[in-house]
Protein chains: 2
Amino acid sequence: MAKIKDVAAAAGVSPSTVSRVLCNGPVSDKVRKRVEDAMRKLDYRPNMAARRLRSQHTDTIGLIVSDIRNPFFTAVSRAVEDEAYRNGMRVILCNTDENPDKEAMYLRLMQEERVTGVIFAPTRQTVASLDPAALGFPVVMIDRASRDVITDAVVLDNRRAAAALVDHLLAQGYRDIAGVFGNTSSTGTERHAGFAEAMQQAGLPAPAQFVAPSVEAAEQAVLAMLAAAQRPRALVVSNGVLMLGAVRALKSAGLQWPQDVALAGFDNDVWTELLGDGLTVIEQPVGEIGRAAMAMLLERLDDAERSPRIVVLQGKLLARGSSAAVC
Amino acid sequence: MAKIKDVAAAAGVSPSTVSRVLCNGPVSDKVRKRVEDAMRKLDYRPNMAARRLRSQHTDTIGLIVSDIRNPFFTAVSRAVEDEAYRNGMRVILCNTDENPDKEAMYLRLMQEERVTGVIFAPTRQTVASLDPAALGFPVVMIDRASRDVITDAVVLDNRRAAAALVDHLLAQGYRDIAGVFGNTSSTGTERHAGFAEAMQQAGLPAPAQFVAPSVEAAEQAVLAMLAAAQRPRALVVSNGVLMLGAVRALKSAGLQWPQDVALAGFDNDVWTELLGDGLTVIEQPVGEIGRAAMAMLLERLDDAERSPRIVVLQGKLLARGSSAAVC
DNA sequence: ACAAAAAGTGGGATCGATTTCAATTGATAG
DNA sequence: CTATCAATTGAAATCGATCCCACTTTTTGT
């Protein structure tokens, strides 16, 4: 494979000059053309490892999420990658399965890669123990954020969104409402807070379950809730993955929604509108979240000193059949 | 940030020796421990760019798919990444949107990265024009493959699977069966072939539509088919994305399945089992596809000379309500 | 106990680019 | 026509590791 020296020789210039046309340095048009021709002729491909080593910037960002199969993260990832490539950067994607050990390992990996920055959806545990300053690269958190702001972050207004679901259910006439929340992320905590607050404001108890963030865990939990002495009349579910579990539980218990149990949750996954008359959900602006995260990262790279900020985006309530008022 | 020289100095050894403990070279236990302590003390992180440049292997693979948001590719990606990280390799993910220009651009990028290998789901157009030998790295195709084998590949037995769907529908008593297929990938072509063959064997006409691989395109096409003078009694749909379009079309046309139109397709996406009594689909072994692709790549790296092979995996027919016999 | 083989270690070249600095060329002004 | 300055270009150092080779130390066999 041709290297820069070969191109230089073929074009009758020095390697420095070739490098300059590569980096858009000052080169006369005549020479530039000659060099570009030589590159084409030799089918030259600059060696990224060499460039990165010498130039000390990798133009690579890390994207660390729990599981790319979660449609929320799938959509965010796609947006992040589009933005990244548009800005000439590469993306390294990591799945942590909400496992703090994997998170630590991938953060370490990011250091070895000397990434320009990282977009990260951390577990609560990691967020509590993380020292972003020691990492050596800026971090933008997504979906989840630390209580006391230390890094940039892009999150949904989770409390408000959860409260909106509750208010909607109340308006539809439901009273016995229970909640199911993920137990590993701050998102679950926040949504629970919004749920509890809204219920309290209505003078109602706010029974809630915290479960592992998997379909199976949610299914089990919801099955148990449905089998309880007095089953809730409506369910608020903290995210799309758990919602899938809830739907499975209802189906296997032979229950209908909203007739037997109303449903409302998060994430406008493609299938939610197809089920019966649709599931009522808070739609998250997934594309915008990814783009905003990438934009914040770029701004941070421009100005390392500016104080960390949190972008809070609003969800959109899509009221559908699963929370319809029962006659 | 500490470099290898600093570690060497701190441990009182030469850089060569530090490198040896990094690469599991021959080092006495005593010295190894001293070096590891120094690494810890200095919080040393090897510079990947430097290692890659010097060692001439990047331990990086490219994964080029049309869209990570397609659940099929999401699942395959996850499997590929798990395997890759298990083998100490990194993954660069690229979305091409079935666009040959983007495919070419990403392949070029892979060359610049000097990737160890690439796992690639190409469009028909690219597969036809691709010269794998000129790329400089091995390619394993997934989901799609060239007619005349030039590279390793992992694919589904598409003809058989499509035929299985047809046979199933026939067995359920359906006769007027139409097909909807993607027009950019060999997968669509193959599945159509299986569909047409099976229909022909039954002495039936095999009306088929080829559409762009998007939900919207499928929705439009199916709407048109449903509005036609004599609408088909059953639909075979070539993949999960198109199936979503078909379902939307049926819904918006106010038609029920299987009462008005039976449905059968590909990809056991989570939601397919939740819709009514479930959608009949061919389940692809998505995890296995990813793992097999990664395994083939590793084997190829071991032995560049062995002749290319294609791994053909079988799909599994999940007969559900959408293709039930109507009384 | 001694020769031969193996294991461990260090020195210095090297991977392929960018960057710094100095040199050259060309343009402009006086 | 020459002095000045800006625009191009080249030479050589450098990024941070690995690898080859030579040298020293230890182990093994007899």
Side-chain angles (χ1 to χ4, degrees), chain A residues 1-36 38-39 42-60 88 90 108-116 136-137, chain B residues 1-36 38-39 42-60 88 90 108-116 136-137:
Chain A
M1 173 141 293
K3 12 197 199 183
I4 205 168
K5 224 163 51 171
D6 305 322
V7 176
V13 298
S14 75
S16 321
T17 300
V18 178
S19 172
R20 283 190 191 95
V21 342
L22 236 36
C23 306
N24 289 313
V27 186
S28 70
D29 291 349
K30 197 175 56 203
V31 172
R32 157 164 285 122
K33 179 159 179 344
R34 223 158 8 110
V35 171
E36 283 171 346
M39 285 179 171
L42 298 179
D43 202 30
Y44 170 70
R45 297 281 181 283
N47 182 318
M48 283 300 177
R51 315 183 73 155
R52 292 206 252 259
L53 173 59
R54 178 62 242 233
S55 71
Q56 300 287 67
H57 49 77
T58 57
D59 290 344
T60 299
R90 239 110 293 165
R108 194 188 170 101
L109 205 105
M110 296 300 105
Q111 297 185 299
E112 300 185 347
E113 295 284 352
R114 303 290 191 272
V115 293
T116 304
F137 47 73
Chain B
M1 171 138 297
K3 14 196 198 183
I4 204 167
K5 224 163 48 169
D6 305 322
V7 175
V13 299
S14 76
S16 318
T17 299
V18 178
S19 173
R20 282 189 194 97
V21 344
L22 237 37
C23 307
N24 289 315
V27 186
S28 71
D29 290 349
K30 197 175 53 201
V31 172
R32 158 164 286 124
K33 178 158 182 345
R34 233 174 340 128
V35 171
E36 283 170 347
M39 285 178 172
L42 299 179
D43 202 31
Y44 171 70
R45 296 282 182 281
N47 183 318
M48 284 301 177
R51 317 183 72 154
R52 292 205 250 261
L53 172 59
R54 178 62 244 230
S55 71
Q56 300 286 69
H57 49 77
T58 57
D59 289 344
T60 298
R90 239 109 293 167
R108 194 187 169 101
L109 205 104
M110 297 299 107
Q111 297 184 300
E112 299 185 346
E113 294 285 352
R114 304 290 193 272
V115 293
T116 305
F137 48 73

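In what follows, every heavy atom counts, from backbone to side chain, and hydrogens, waters and symmetry copies are set aside. Labels below follow one simple rule: chain letters A, B, ... track the order of the sequence lines, proteins then strands, and each chain is numbered from 1.
- Formation of a donor-acceptor pair under 3.5 Å by the B:T60 side chain with backbone atoms of B:V115 is not found in this model.
- Here the range on DNA chain C touched by chain B, meaning any atom under 4.0 Å from one of its heavy atoms, is C:dG8 to C:dG16.
- Within the 4.5 Å cutoff, the side chain of A:N47 has heavy atoms near those of the B:R114 side chain.
- Between B:Y44 and B:K3 the shortest heavy-atom distance is CE1-C, 3.6 Å.
- When all heavy atoms of A:M39 and A:V21 are compared, the pair lying nearest together is CE-CG2, 3.7 Å.
- In plain terms, the two heavy atoms of B:P46 and B:L22 that are nearest each other are CB-CD2, 4.1 Å.
- A heavy-atom distance below 4.0 Å to DNA chain C is reached by none of the residues of residues 25-34 of chain A.
- Considering every non-hydrogen atom in both A:L42 and A:A10, the closest pair reads CD1-CB, 4.0 Å.
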> With the sugar-phosphate defined as primed atoms, P, OP1 and OP2, and the base as all remaining atoms, what B/S/- string results for nucleotides 16-27 of chain D, 5' to 3', for protein heavy atoms under 4.0 Å?
Replying inline: BBBBB-------

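- Side chain of B:R34 to backbone of B:A11: a donor-acceptor contact under 3.5 angstrom is found.
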>> Before you tell me yes or no, could you show the steps for A:V27 and A:V35 under side chain to side chain contact (heavy atoms under 4.5 Å, CB included), namely the whole-Å CA-CA distance, both residues' side-chain angles and the distance that decides it to 0.1 Å?
In response: CA-CA 10 Å; A:V27 186; A:V35 171; 5.8 Å; no

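- Counting only heavy atoms from C-beta outward, the side chains of B:L109 and A:R90 approach each other to under 4.5 Å.
- Salt-bridge formation is not detected for the pair B:E112/A:R51: no Lys NZ or Arg NE/NH1/NH2 atom is positioned less than 4.0 Å from an Asp or Glu carboxylate oxygen.
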